[in-house]
J.: 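Could you have a look at this structure, given as C-alpha coordinates, before my questions?
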2 protein chains.
Amino acid sequence: MQTLSFTEENYMKIIYRASKLSSPGKTKEVTTNEIAELTDTKPASVSDMLKKLAAKGLINYVKYQGVTLTTDGEAKALLVIRKHRLWEVFLVDKLNFSWDEVHDIAEQLEHVQSDELVRRLDQFLGFPEYDPHGDPIPNEKGEMNSKKKVYLINMKIGDKCDVVGVKDTSPLFLKYLDKIGLTIGAYIEITDKIEFDQSLEIKVNNGRTIIISKEIANNIYTLD
Amino acid sequence: MQTLSFTEENYMKIIYRASKLSSPGKTKEVTTNEIAELTDTKPASVSDMLKKLAAKGLINYVKYQGVTLTTDGEAKALLVIRKHRLWEVFLVDKLNFSWDEVHDIAEQLEHVQSDELVRRLDQFLGFPEYDPHGDPIPNEKGEMNSKKKVYLINMKIGDKCDVVGVKDTSPLFLKYLDKIGLTIGAYIEITDKIEFDQSLEIKVNNGRTIIISKEIANNIYTLD
DNA sequence: GCAAATATTTTAGTTATACTAAAATTTGTA
DNA sequence: TACAAATTTTAGTATAACTAAAATATTTGC
Ligand SMILES: [Mn+2]
Ligand SMILES: [Mn+2]
Ligand SMILES: [Mn+2]
Ligand SMILES: [Mn+2]
(Lines give C-alpha, C1' and ligand atoms only; values in the text may rest on other atoms or scores of the structure.)
(Ligands and ions follow the chains in the order given, each with its own letter.)
Protein backbone atom coordinates (compact mmCIF):
# COMPACT_ATOMS: atom_id res chain seq x y z
CA MET A 1 0.00 0.00 0.00
CA GLN A 2 2.10 2.86 -1.32
CA THR A 3 1.48 6.23 0.27
CA LEU A 4 1.51 9.39 -1.81
CA SER A 5 3.03 12.75 -1.04
CA PHE A 6 0.78 15.75 -0.44
CA THR A 7 1.59 17.00 -3.92
CA GLU A 8 0.84 13.67 -5.56
CA GLU A 9 -2.48 13.46 -3.74
CA ASN A 10 -3.38 16.94 -4.90
CA TYR A 11 -2.59 16.03 -8.50
CA MET A 12 -4.84 12.98 -8.17
CA LYS A 13 -7.72 15.08 -6.91
CA ILE A 14 -7.29 17.57 -9.73
CA ILE A 15 -7.06 14.90 -12.41
CA TYR A 16 -10.19 13.28 -11.01
CA ARG A 17 -12.13 16.50 -11.09
CA ALA A 18 -10.97 17.50 -14.54
CA SER A 19 -11.78 14.05 -15.92
CA LYS A 20 -15.38 14.34 -14.73
CA LEU A 21 -15.89 17.89 -16.00
CA SER A 22 -18.73 18.79 -18.34
CA SER A 23 -20.25 15.33 -18.76
CA PRO A 24 -21.21 14.29 -15.20
CA GLY A 25 -21.22 10.54 -15.78
CA LYS A 26 -18.59 10.22 -18.48
CA THR A 27 -14.85 10.33 -18.02
CA LYS A 28 -12.74 12.63 -20.16
CA GLU A 29 -9.06 12.48 -21.09
CA VAL A 30 -7.25 15.21 -19.15
CA THR A 31 -4.51 17.16 -20.88
CA THR A 32 -1.17 18.33 -19.58
CA ASN A 33 -1.93 22.01 -20.07
CA GLU A 34 -5.23 21.64 -18.25
CA ILE A 35 -3.48 20.14 -15.24
CA ALA A 36 -0.77 22.80 -15.36
CA GLU A 37 -3.48 25.45 -15.24
CA LEU A 38 -5.27 23.83 -12.32
CA THR A 39 -2.14 23.14 -10.27
CA ASP A 40 -0.69 26.55 -11.07
CA THR A 41 2.51 25.03 -12.43
CA LYS A 42 4.15 24.75 -15.85
CA PRO A 43 3.41 21.95 -18.35
CA ALA A 44 6.99 20.69 -17.95
CA SER A 45 6.35 20.04 -14.25
CA VAL A 46 3.15 18.22 -15.08
CA SER A 47 4.85 15.93 -17.59
CA ASP A 48 7.30 15.06 -14.86
CA MET A 49 4.60 14.24 -12.37
CA LEU A 50 2.54 12.28 -14.89
CA LYS A 51 5.49 9.99 -15.44
CA LYS A 52 5.69 9.42 -11.70
CA LEU A 53 1.97 8.75 -11.31
CA ALA A 54 1.96 6.41 -14.30
CA ALA A 55 4.90 4.49 -12.84
CA LYS A 56 2.84 4.04 -9.67
CA GLY A 57 -0.05 2.65 -11.69
CA LEU A 58 -2.41 5.51 -10.85
CA ILE A 59 -2.99 6.91 -14.31
CA ASN A 60 -3.15 5.66 -17.87
CA TYR A 61 -0.67 7.88 -19.61
CA VAL A 62 -0.14 7.88 -23.36
CA LYS A 63 2.33 10.56 -24.29
CA TYR A 64 0.80 13.53 -26.07
CA GLN A 65 -2.67 12.02 -25.57
CA GLY A 66 -3.57 13.03 -22.04
CA VAL A 67 -4.39 10.86 -19.05
CA THR A 68 -7.22 9.00 -17.37
CA LEU A 69 -7.24 7.51 -13.90
CA THR A 70 -6.76 3.78 -13.44
CA THR A 71 -9.15 1.92 -11.13
CA ASP A 72 -6.49 2.25 -8.47
CA GLY A 73 -5.99 5.92 -9.20
CA GLU A 74 -9.68 6.70 -9.07
CA ALA A 75 -9.93 4.97 -5.70
CA LYS A 76 -7.02 7.04 -4.41
CA ALA A 77 -8.58 10.27 -5.67
CA LEU A 78 -11.98 9.40 -4.22
CA LEU A 79 -10.42 8.63 -0.86
CA VAL A 80 -8.78 12.05 -0.68
CA ILE A 81 -12.06 13.69 -1.69
CA ARG A 82 -13.91 11.59 0.88
CA LYS A 83 -11.54 12.66 3.61
CA HIS A 84 -11.71 16.31 2.59
CA ARG A 85 -15.48 16.37 2.69
CA LEU A 86 -15.83 14.37 5.88
CA TRP A 87 -13.45 16.74 7.66
CA GLU A 88 -15.45 19.69 6.34
CA VAL A 89 -18.58 18.17 7.86
CA PHE A 90 -16.72 17.66 11.12
CA LEU A 91 -15.53 21.26 11.19
CA VAL A 92 -19.00 22.67 10.51
CA ASP A 93 -21.20 20.22 12.44
CA LYS A 94 -18.99 19.55 15.45
CA LEU A 95 -16.67 22.53 15.76
CA ASN A 96 -19.19 25.13 14.54
CA PHE A 97 -17.06 26.61 11.82
CA SER A 98 -19.02 28.34 9.09
CA TRP A 99 -19.00 26.91 5.58
CA ASP A 100 -16.64 29.55 4.27
CA GLU A 101 -13.91 28.78 6.80
CA VAL A 102 -13.38 25.06 6.39
CA HIS A 103 -11.83 24.47 2.98
CA ASP A 104 -8.24 25.40 3.80
CA ILE A 105 -8.19 23.36 6.99
CA ALA A 106 -9.69 20.39 5.16
CA GLU A 107 -6.94 20.74 2.55
CA GLN A 108 -4.52 19.82 5.33
CA LEU A 109 -6.61 17.20 7.11
CA GLU A 110 -7.35 15.31 3.89
CA HIS A 111 -3.74 14.10 3.79
CA VAL A 112 -3.72 12.39 7.18
CA GLN A 113 -3.14 8.69 6.58
CA SER A 114 -5.29 6.25 8.52
CA ASP A 115 -8.11 4.20 7.09
CA GLU A 116 -9.42 3.48 10.54
CA LEU A 117 -9.57 7.20 11.29
CA VAL A 118 -11.70 7.85 8.21
CA ARG A 119 -14.04 4.99 9.03
CA ARG A 120 -14.57 6.15 12.59
CA LEU A 121 -14.89 9.79 11.64
CA ASP A 122 -17.56 8.85 9.10
CA GLN A 123 -19.45 6.91 11.75
CA PHE A 124 -19.06 9.68 14.32
CA LEU A 125 -20.60 12.12 11.85
CA GLY A 126 -23.49 9.76 11.11
CA PHE A 127 -22.38 8.76 7.61
CA PRO A 128 -23.19 12.13 6.02
CA GLU A 129 -23.95 12.09 2.30
CA TYR A 130 -23.14 15.71 1.54
CA ASP A 131 -20.52 18.17 2.70
CA PRO A 132 -21.30 21.74 3.81
CA HIS A 133 -21.12 22.97 0.22
CA GLY A 134 -23.57 20.38 -1.06
CA ASP A 135 -20.94 18.11 -2.59
CA PRO A 136 -21.58 14.38 -2.25
CA ILE A 137 -19.29 12.36 0.02
CA PRO A 138 -17.99 9.06 -1.37
CA ASN A 139 -18.58 6.11 0.93
CA GLU A 140 -15.91 3.57 1.81
CA LYS A 141 -16.37 1.89 -1.56
CA GLY A 142 -16.06 5.17 -3.41
CA GLU A 143 -19.75 5.38 -4.26
CA MET A 144 -21.60 8.65 -3.92
CA ASN A 145 -24.90 10.29 -4.78
CA SER A 146 -25.21 12.08 -8.07
CA LYS A 147 -28.21 14.35 -8.14
CA LYS A 148 -28.58 15.90 -11.59
CA LYS A 149 -28.20 19.43 -10.28
CA VAL A 150 -28.64 22.46 -12.50
CA TYR A 151 -27.00 25.87 -12.42
CA LEU A 152 -29.37 28.53 -11.15
CA ILE A 153 -28.55 30.56 -14.26
CA ASN A 154 -30.37 27.96 -16.37
CA MET A 155 -33.69 28.21 -14.54
CA LYS A 156 -36.64 29.89 -16.23
CA ILE A 157 -39.08 32.50 -14.98
CA GLY A 158 -41.61 30.86 -12.71
CA ASP A 159 -39.36 27.89 -11.85
CA LYS A 160 -39.11 26.90 -8.21
CA CYS A 161 -36.16 24.96 -6.80
CA ASP A 162 -33.87 24.28 -3.87
CA VAL A 163 -30.31 25.48 -3.54
CA VAL A 164 -28.31 22.25 -3.23
CA GLY A 165 -24.72 23.27 -3.83
CA VAL A 166 -22.12 25.81 -4.88
CA LYS A 167 -19.40 25.66 -7.49
CA ASP A 168 -17.07 28.31 -6.13
CA THR A 169 -16.22 27.72 -2.47
CA SER A 170 -14.18 30.84 -1.79
CA PRO A 171 -14.94 32.59 1.51
CA LEU A 172 -15.78 35.79 -0.36
CA PHE A 173 -18.53 34.10 -2.36
CA LEU A 174 -19.88 32.02 0.52
CA LYS A 175 -20.03 34.98 2.86
CA TYR A 176 -22.06 36.86 0.29
CA LEU A 177 -24.48 33.96 -0.05
CA ASP A 178 -24.86 33.94 3.73
CA LYS A 179 -25.70 37.63 3.58
CA ILE A 180 -28.42 37.28 0.97
CA GLY A 181 -29.78 34.06 2.45
CA LEU A 182 -28.86 31.81 -0.46
CA THR A 183 -27.47 28.92 1.55
CA ILE A 184 -27.89 25.18 1.03
CA GLY A 185 -31.53 24.23 1.46
CA ALA A 186 -32.93 27.63 0.56
CA TYR A 187 -36.13 27.38 -1.48
CA ILE A 188 -36.28 29.90 -4.31
CA GLU A 189 -38.52 31.04 -7.11
CA ILE A 190 -37.30 32.80 -10.26
CA THR A 191 -39.53 35.84 -10.65
CA ASP A 192 -37.72 37.59 -13.50
CA LYS A 193 -34.73 37.47 -15.80
CA ILE A 194 -33.19 40.77 -16.79
CA GLU A 195 -32.12 40.54 -20.44
CA PHE A 196 -29.61 43.36 -20.30
CA ASP A 197 -27.08 41.72 -17.96
CA GLN A 198 -28.64 38.29 -17.50
CA SER A 199 -29.19 38.93 -13.82
CA LEU A 200 -31.99 37.12 -12.03
CA GLU A 201 -34.75 38.34 -9.77
CA ILE A 202 -35.61 35.63 -7.29
CA LYS A 203 -37.77 35.18 -4.25
CA VAL A 204 -35.99 33.44 -1.37
CA ASN A 205 -37.86 31.12 1.00
CA ASN A 206 -41.17 32.66 -0.10
CA GLY A 207 -40.03 35.93 1.38
CA ARG A 208 -37.68 38.65 0.23
CA THR A 209 -37.11 39.29 -3.46
CA ILE A 210 -33.51 39.92 -4.49
CA ILE A 211 -31.49 40.43 -7.63
CA ILE A 212 -28.37 38.38 -8.30
CA SER A 213 -25.86 38.77 -11.11
CA LYS A 214 -25.22 36.06 -13.68
CA GLU A 215 -21.81 35.44 -12.04
CA ILE A 216 -23.54 34.52 -8.81
CA ALA A 217 -26.23 32.48 -10.53
CA ASN A 218 -23.58 30.63 -12.44
CA ASN A 219 -22.01 29.34 -9.23
CA ILE A 220 -25.11 28.01 -7.54
CA TYR A 221 -26.51 24.52 -8.07
CA THR A 222 -30.23 23.89 -7.75
CA LEU A 223 -32.55 20.90 -7.82
CA ASP A 224 -36.16 20.64 -9.06
CA MET B 1 4.22 34.07 11.82
CA GLN B 2 6.69 31.63 10.29
CA THR B 3 5.48 28.10 9.88
CA LEU B 4 7.80 25.17 10.51
CA SER B 5 8.23 21.98 8.53
CA PHE B 6 7.13 18.69 10.05
CA THR B 7 10.76 17.86 10.76
CA GLU B 8 11.43 21.18 12.43
CA GLU B 9 8.35 20.80 14.61
CA ASN B 10 9.47 17.35 15.63
CA TYR B 11 12.90 18.66 16.59
CA MET B 12 11.21 21.35 18.70
CA LYS B 13 9.15 18.76 20.56
CA ILE B 14 12.18 16.62 21.22
CA ILE B 15 14.30 19.52 22.40
CA TYR B 16 11.50 20.59 24.72
CA ARG B 17 11.17 17.15 26.20
CA ALA B 18 14.90 16.63 26.63
CA SER B 19 15.28 20.05 28.24
CA LYS B 20 12.71 19.17 30.91
CA LEU B 21 14.11 15.71 31.63
CA SER B 22 15.13 14.64 35.13
CA SER B 23 14.36 17.92 36.92
CA PRO B 24 10.63 18.48 36.30
CA GLY B 25 10.60 22.23 36.89
CA LYS B 26 14.12 23.13 35.77
CA THR B 27 15.34 23.49 32.22
CA LYS B 28 18.48 21.70 31.09
CA GLU B 29 20.84 22.42 28.21
CA VAL B 30 20.29 19.81 25.55
CA THR B 31 23.28 18.41 23.72
CA THR B 32 23.72 17.58 20.06
CA ASN B 33 24.37 13.90 20.67
CA GLU B 34 21.26 13.65 22.82
CA ILE B 35 19.11 15.08 20.05
CA ALA B 36 20.76 12.83 17.47
CA GLU B 37 19.87 9.86 19.63
CA LEU B 38 16.25 10.95 20.05
CA THR B 39 15.68 11.85 16.42
CA ASP B 40 17.49 8.76 15.21
CA THR B 41 19.86 10.81 13.08
CA LYS B 42 23.58 11.61 13.17
CA PRO B 43 25.11 14.51 15.15
CA ALA B 44 26.12 16.18 11.89
CA SER B 45 22.47 16.40 10.86
CA VAL B 46 21.56 17.84 14.22
CA SER B 47 24.21 20.58 14.01
CA ASP B 48 22.69 21.50 10.68
CA MET B 49 19.20 21.74 12.04
CA LEU B 50 20.29 23.62 15.16
CA LYS B 51 21.73 26.32 12.94
CA LYS B 52 18.39 26.59 11.16
CA LEU B 53 16.35 26.70 14.35
CA ALA B 54 18.69 29.29 15.87
CA ALA B 55 18.39 31.44 12.74
CA LYS B 56 14.62 31.34 13.23
CA GLY B 57 14.97 32.49 16.81
CA LEU B 58 13.60 29.30 18.32
CA ILE B 59 16.65 28.14 20.25
CA ASN B 60 19.58 29.67 22.08
CA TYR B 61 22.50 27.96 20.46
CA VAL B 62 26.07 28.40 21.63
CA LYS B 63 28.32 26.16 19.61
CA TYR B 64 29.70 23.20 21.52
CA GLN B 65 27.55 24.18 24.51
CA GLY B 66 24.15 22.71 23.68
CA VAL B 67 20.83 24.48 23.29
CA THR B 68 17.85 25.79 25.22
CA LEU B 69 14.54 26.95 23.83
CA THR B 70 13.83 30.65 23.50
CA THR B 71 10.48 31.95 24.76
CA ASP B 72 9.29 31.75 21.19
CA GLY B 73 10.67 28.25 20.76
CA GLU B 74 9.07 26.98 23.93
CA ALA B 75 5.72 28.35 22.81
CA LYS B 76 6.11 26.59 19.47
CA ALA B 77 7.00 23.30 21.15
CA LEU B 78 4.14 23.57 23.62
CA LEU B 79 1.69 24.25 20.81
CA VAL B 80 2.71 21.07 18.99
CA ILE B 81 2.43 19.10 22.23
CA ARG B 82 -0.93 20.71 22.93
CA LYS B 83 -2.23 19.74 19.52
CA HIS B 84 -0.89 16.20 19.81
CA ARG B 85 -2.58 15.62 23.14
CA LEU B 86 -5.86 17.28 22.21
CA TRP B 87 -6.11 15.12 19.11
CA GLU B 88 -5.39 12.04 21.23
CA VAL B 89 -8.29 12.97 23.48
CA PHE B 90 -10.48 13.46 20.43
CA LEU B 91 -9.55 10.06 19.04
CA VAL B 92 -10.23 8.26 22.31
CA ASP B 93 -13.22 10.21 23.64
CA LYS B 94 -15.06 10.91 20.40
CA LEU B 95 -13.94 8.26 17.94
CA ASN B 96 -13.59 5.45 20.49
CA PHE B 97 -10.04 4.51 19.65
CA SER B 98 -8.20 2.78 22.47
CA TRP B 99 -5.25 4.50 24.11
CA ASP B 100 -2.71 2.31 22.36
CA GLU B 101 -3.92 3.24 18.86
CA VAL B 102 -3.83 7.00 18.89
CA HIS B 103 -0.21 8.09 19.06
CA ASP B 104 0.73 7.58 15.41
CA ILE B 105 -2.37 9.33 14.13
CA ALA B 106 -1.78 12.23 16.53
CA GLU B 107 1.78 12.47 15.19
CA GLN B 108 0.21 13.47 11.88
CA LEU B 109 -2.63 15.62 13.19
CA GLU B 110 -0.33 17.66 15.42
CA HIS B 111 1.15 19.34 12.33
CA VAL B 112 -2.10 20.75 10.98
CA GLN B 113 -1.83 24.53 11.04
CA SER B 114 -4.81 26.48 12.33
CA ASP B 115 -5.03 28.26 15.64
CA GLU B 116 -8.77 28.49 15.36
CA LEU B 117 -9.00 24.74 14.85
CA VAL B 118 -7.07 24.08 18.05
CA ARG B 119 -9.19 26.51 20.01
CA ARG B 120 -12.43 25.00 18.83
CA LEU B 121 -11.23 21.43 19.23
CA ASP B 122 -10.22 22.22 22.81
CA GLN B 123 -13.67 23.64 23.50
CA PHE B 124 -15.41 20.74 21.78
CA LEU B 125 -13.54 18.34 24.05
CA GLY B 126 -14.44 20.35 27.16
CA PHE B 127 -10.97 21.77 27.78
CA PRO B 128 -9.43 18.49 28.92
CA GLU B 129 -6.43 18.73 31.24
CA TYR B 130 -4.91 15.34 30.53
CA ASP B 131 -4.49 13.17 27.47
CA PRO B 132 -5.35 9.44 27.38
CA HIS B 133 -1.89 8.56 28.70
CA GLY B 134 -2.15 10.89 31.67
CA ASP B 135 0.03 13.62 30.17
CA PRO B 136 -1.05 17.19 30.91
CA ILE B 137 -2.38 19.30 28.04
CA PRO B 138 -1.02 22.85 27.77
CA ASN B 139 -3.74 25.49 27.53
CA GLU B 140 -3.73 28.29 24.97
CA LYS B 141 -1.15 30.18 27.01
CA GLY B 142 1.08 27.12 27.25
CA GLU B 143 0.31 26.51 30.93
CA MET B 144 -0.34 22.98 32.17
CA ASN B 145 -0.76 21.00 35.34
CA SER B 146 2.30 19.49 36.93
CA LYS B 147 1.38 16.84 39.43
CA LYS B 148 4.52 15.53 41.12
CA LYS B 149 3.99 11.98 39.91
CA VAL B 150 6.18 9.12 41.05
CA TYR B 151 7.27 5.97 39.26
CA LEU B 152 5.47 2.92 40.59
CA ILE B 153 8.87 1.27 41.04
CA ASN B 154 9.63 3.77 43.82
CA MET B 155 6.60 2.91 45.97
CA LYS B 156 7.09 1.01 49.21
CA ILE B 157 5.28 -1.99 50.60
CA GLY B 158 1.95 -0.89 52.01
CA ASP B 159 1.74 2.26 49.87
CA LYS B 160 -1.54 2.97 48.12
CA CYS B 161 -1.79 5.17 45.05
CA ASP B 162 -3.53 5.92 41.78
CA VAL B 163 -2.15 5.18 38.35
CA VAL B 164 -1.98 8.60 36.69
CA GLY B 165 0.23 8.11 33.66
CA VAL B 166 2.61 6.04 31.60
CA LYS B 167 6.09 6.79 30.30
CA ASP B 168 6.21 4.35 27.41
CA THR B 169 3.23 4.75 25.08
CA SER B 170 3.91 1.86 22.72
CA PRO B 171 0.87 -0.23 21.79
CA LEU B 172 2.61 -3.35 23.11
CA PHE B 173 3.00 -1.88 26.57
CA LEU B 174 -0.43 -0.24 26.70
CA LYS B 175 -2.22 -3.38 25.55
CA TYR B 176 -0.52 -5.30 28.33
CA LEU B 177 -1.63 -2.72 30.88
CA ASP B 178 -5.18 -3.06 29.57
CA LYS B 179 -4.92 -6.79 30.06
CA ILE B 180 -3.80 -6.61 33.69
CA GLY B 181 -6.13 -3.72 34.53
CA LEU B 182 -3.42 -1.15 35.17
CA THR B 183 -5.02 1.73 33.28
CA ILE B 184 -5.22 5.40 34.19
CA GLY B 185 -7.30 5.83 37.33
CA ALA B 186 -6.64 2.36 38.71
CA TYR B 187 -6.23 2.35 42.47
CA ILE B 188 -3.43 0.09 43.65
CA GLU B 189 -1.71 -1.12 46.77
CA ILE B 190 1.84 -2.43 46.89
CA THR B 191 1.63 -5.72 48.82
CA ASP B 192 5.19 -6.98 48.32
CA LYS B 193 8.52 -6.23 46.65
CA ILE B 194 10.49 -9.21 45.42
CA GLU B 195 14.17 -8.57 46.15
CA PHE B 196 15.48 -11.03 43.59
CA ASP B 197 14.28 -9.26 40.43
CA GLN B 198 12.74 -6.11 41.92
CA SER B 199 9.31 -7.12 40.73
CA LEU B 200 6.27 -5.84 42.60
CA GLU B 201 3.24 -7.61 43.96
CA ILE B 202 0.29 -5.26 43.85
CA LYS B 203 -3.43 -5.36 44.50
CA VAL B 204 -5.47 -3.63 41.78
CA ASN B 205 -8.69 -1.78 42.61
CA ASN B 206 -8.92 -3.65 45.91
CA GLY B 207 -9.33 -6.84 43.95
CA ARG B 208 -6.95 -9.13 42.14
CA THR B 209 -3.32 -9.38 43.22
CA ILE B 210 -0.77 -9.46 40.41
CA ILE B 211 2.97 -9.41 39.93
CA ILE B 212 4.64 -6.91 37.61
CA SER B 213 8.29 -6.74 36.56
CA LYS B 214 10.50 -3.76 37.34
CA GLU B 215 10.41 -2.83 33.64
CA ILE B 216 6.66 -2.42 33.86
CA ALA B 217 6.79 -0.61 37.19
CA ASN B 218 9.38 1.72 35.79
CA ASN B 219 7.01 2.95 33.10
CA ILE B 220 4.00 3.71 35.23
CA TYR B 221 3.42 7.01 37.02
CA THR B 222 1.46 7.11 40.26
CA LEU B 223 0.14 9.77 42.60
CA ASP B 224 -0.34 9.65 46.38
C1' DG C 1 -1.78 17.51 -47.85
C1' DC C 2 1.13 20.48 -45.82
C1' DA C 3 2.82 24.37 -43.19
C1' DA C 4 2.15 26.78 -39.22
C1' DA C 5 0.44 26.96 -34.74
C1' DT C 6 -0.16 24.64 -30.61
C1' DA C 7 0.62 21.13 -27.23
C1' DT C 8 3.68 18.19 -25.06
C1' DT C 9 7.92 16.14 -23.73
C1' DT C 10 12.79 16.14 -22.91
C1' DT C 11 16.87 18.12 -21.37
C1' DA C 12 19.45 20.22 -18.29
C1' DG C 13 19.30 22.69 -14.57
C1' DT C 14 17.58 25.08 -9.97
C1' DT C 15 16.05 25.25 -5.21
C1' DA C 16 14.84 23.34 -0.90
C1' DT C 17 14.87 19.92 2.72
C1' DA C 18 17.06 16.51 5.17
C1' DC C 19 20.54 13.62 5.78
C1' DT C 20 25.67 11.67 6.20
C1' DA C 21 30.95 10.32 6.30
C1' DA C 22 35.09 12.15 7.15
C1' DA C 23 37.95 15.89 8.57
C1' DA C 24 38.65 19.68 11.59
C1' DT C 25 37.84 21.89 15.81
C1' DT C 26 36.64 22.56 20.58
C1' DT C 27 36.07 21.08 25.18
C1' DG C 28 36.61 18.59 29.38
C1' DT C 29 39.50 15.81 31.97
C1' DA C 30 43.25 12.88 33.55
C1' DT D 1 49.01 19.55 28.81
C1' DA D 2 47.73 15.80 26.14
C1' DC D 3 44.12 12.97 24.90
C1' DA D 4 39.42 11.38 24.37
C1' DA D 5 34.92 12.67 23.56
C1' DA D 6 31.74 15.81 21.69
C1' DT D 7 30.70 18.88 18.22
C1' DT D 8 31.02 21.38 13.98
C1' DT D 9 32.40 21.94 9.27
C1' DT D 10 33.03 20.40 4.81
C1' DA D 11 31.73 18.32 1.00
C1' DG D 12 28.66 15.54 -0.74
C1' DT D 13 24.17 12.44 -1.41
C1' DA D 14 19.22 11.78 -2.22
C1' DT D 15 14.67 13.17 -3.09
C1' DA D 16 10.87 16.14 -4.29
C1' DA D 17 9.15 19.65 -6.93
C1' DC D 18 9.69 22.92 -10.10
C1' DT D 19 11.28 25.53 -14.64
C1' DA D 20 13.30 27.64 -19.23
C1' DA D 21 14.54 26.35 -23.45
C1' DA D 22 14.98 23.00 -26.99
C1' DA D 23 13.10 19.13 -29.29
C1' DT D 24 9.29 16.64 -30.83
C1' DA D 25 4.47 15.42 -31.78
C1' DT D 26 -0.15 16.68 -32.88
C1' DT D 27 -3.70 19.55 -34.60
C1' DT D 28 -5.54 23.03 -37.47
C1' DG D 29 -6.18 26.16 -41.27
C1' DC D 30 -5.70 26.73 -45.80
MN1 LIG E 1 -13.38 22.10 0.26
MN1 LIG F 1 -16.67 21.15 0.27
MN1 LIG G 1 1.30 10.44 21.84
MN1 LIG H 1 -0.26 10.94 24.87
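Computed from a predicted model, the values in this text were never measured in an experiment. Here is how names work: the chains are called A, B, and so on, in the same order as the sequence lines, proteins then strands, and each is numbered from 1.
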J.: Can you name the ring pair (Phe, Tyr, Trp, His ring centres under 6.0 Å) partners of B:Tyr176, sequence neighbours left out?
T.: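 Partners of B:Tyr176 under the ring pair (Phe, Tyr, Trp, His ring centres under 6.0 Å) test: none.
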J.: Please state how far atom CG in B:Leu53 lies from atom C1' in C:dC19, giving the value in whole angstrom units.
T.: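 Whole-Å distance recorded here is 15 Å.
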J.: Return the value, rounded to whole Å, for the distance between atom CD1 of A:Ile35 and atom C1' of C:dA7.
T.: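 Those two atoms, CD1 and C1', are 13 Å apart.
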J.: Please compare B:Asn33 and A:Asp40 by the position of their nearest nucleotide in DNA chain D and report the one closer to 5'.
T.: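 Final value for this comparison: B:Asn33.
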J.: Go through it in stages, so that I can follow the logic: the residues are B:Thr7 and B:Met49, the test is side chain to side chain contact (heavy atoms under 4.5 Å, CB included), and I'd like the CA-CA distance, side-chain angles, deciding distance and then a yes or no.
T.: CA-CA 9 Å; B:Thr7 310; B:Met49 180 59 88; 3.8 Å; yes
J.: Starting from C1' on D:dT9, measure out to NZ on B:Lys51 and report it in whole angstrom.
T.: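 Interatomic distance, NZ of B:Lys51 to C1' of D:dT9: 7 Å.
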J.: Keeping the roles fixed (side chain from A:Thr70, backbone from A:Gly57), state whether a donor-acceptor pair exists under 3.5 Å.
T.: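 The answer is yes, because a donor-acceptor pair under 3.5 Å joins these two groups.
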J.: Identify whether NZ of Lys or CZ of Arg in B:Lys94 sits under 6.0 Å from the centre of the six-membered ring of B:Phe124 and within 45° of that ring's axis.
T.: yes
J.: Have a look at A:Thr32 and say if it touches a base, only the backbone sugar-phosphate, or nothing, with a 4.0 Å heavy-atom cut-off.
T.: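 Sugar-phosphate, no base atom in range.
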J.: With B:Tyr130, which of B:Asn145, B:Ile137, B:Asp135 fulfils side chain to side chain contact (heavy atoms under 4.5 Å, CB included)?
T.: B:Asn145
J.: A cation-pi test, strictly: NZ or CZ of B:Lys147 under 6.0 Å from the centre of the six-membered ring of B:Tyr221 and no more than 45 degrees from its axis. Yes or no?
T.: no
J.: Check this for me: B:Glu143, atom CD, are more than 12 non-hydrogen atoms of other residues, nucleotides or ligands nearer than 6.0 Å?
T.: yes
J.: Can you tell me the distance, in whole Å, between the CG atom of A:Leu50 and the P atom of C:dA7?
T.: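 Result: 16 Å.
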J.: Tell me whether A:Gln108 contacts the main-chain N or O of B:Gln113 through its side chain, where contact means a donor paired with an acceptor under 3.5 Å.
T.: yes
J.: Within this structure, what is the CD-to-C1' distance between B:Glu9 and C:dT17, rounded to whole angstrom?
T.: 15 Å
J.: Please write out the pairs of protein N or O atoms and N or O atoms of nucleotides 25-30 of chain C separated by less than 3.5 Å, giving the distance to one decimal.
T.:
unit_1 : atom_1 : unit_2  : atom_2 : d
C:dT25 : O2     : B:Tyr64 : OH     : 3.4

J.: Dump every N/O contact between nucleotides 15-17 of chain D and the protein below 3.5 Å, one line per pair.
T.:
unit_1 : atom_1 : unit_2  : atom_2 : d
D:dA17 : OP1    : A:Ser5  : OG     : 2.7
D:dA17 : OP1    : A:Thr7  : OG1    : 3.0
D:dA17 : OP2    : A:Lys52 : NZ     : 2.3

J.: Between A:Lys56 and A:Glu8 (salt bridge meaning N to carboxylate O under 4.0 Å), is one present in this structure?
T.: yes
J.: Between B:Ser45 and C:dC19, does any side-chain N or O lie under 4.0 Å from OP1 or OP2?
T.: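 Checking C:dC19 against B:Ser45, no side-chain N or O comes under 4.0 Å of OP1 or OP2.
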J.: To the nearest angstrom, how far is A:Lys42 atom NZ from C:dG13 atom P?
T.: 20 Å
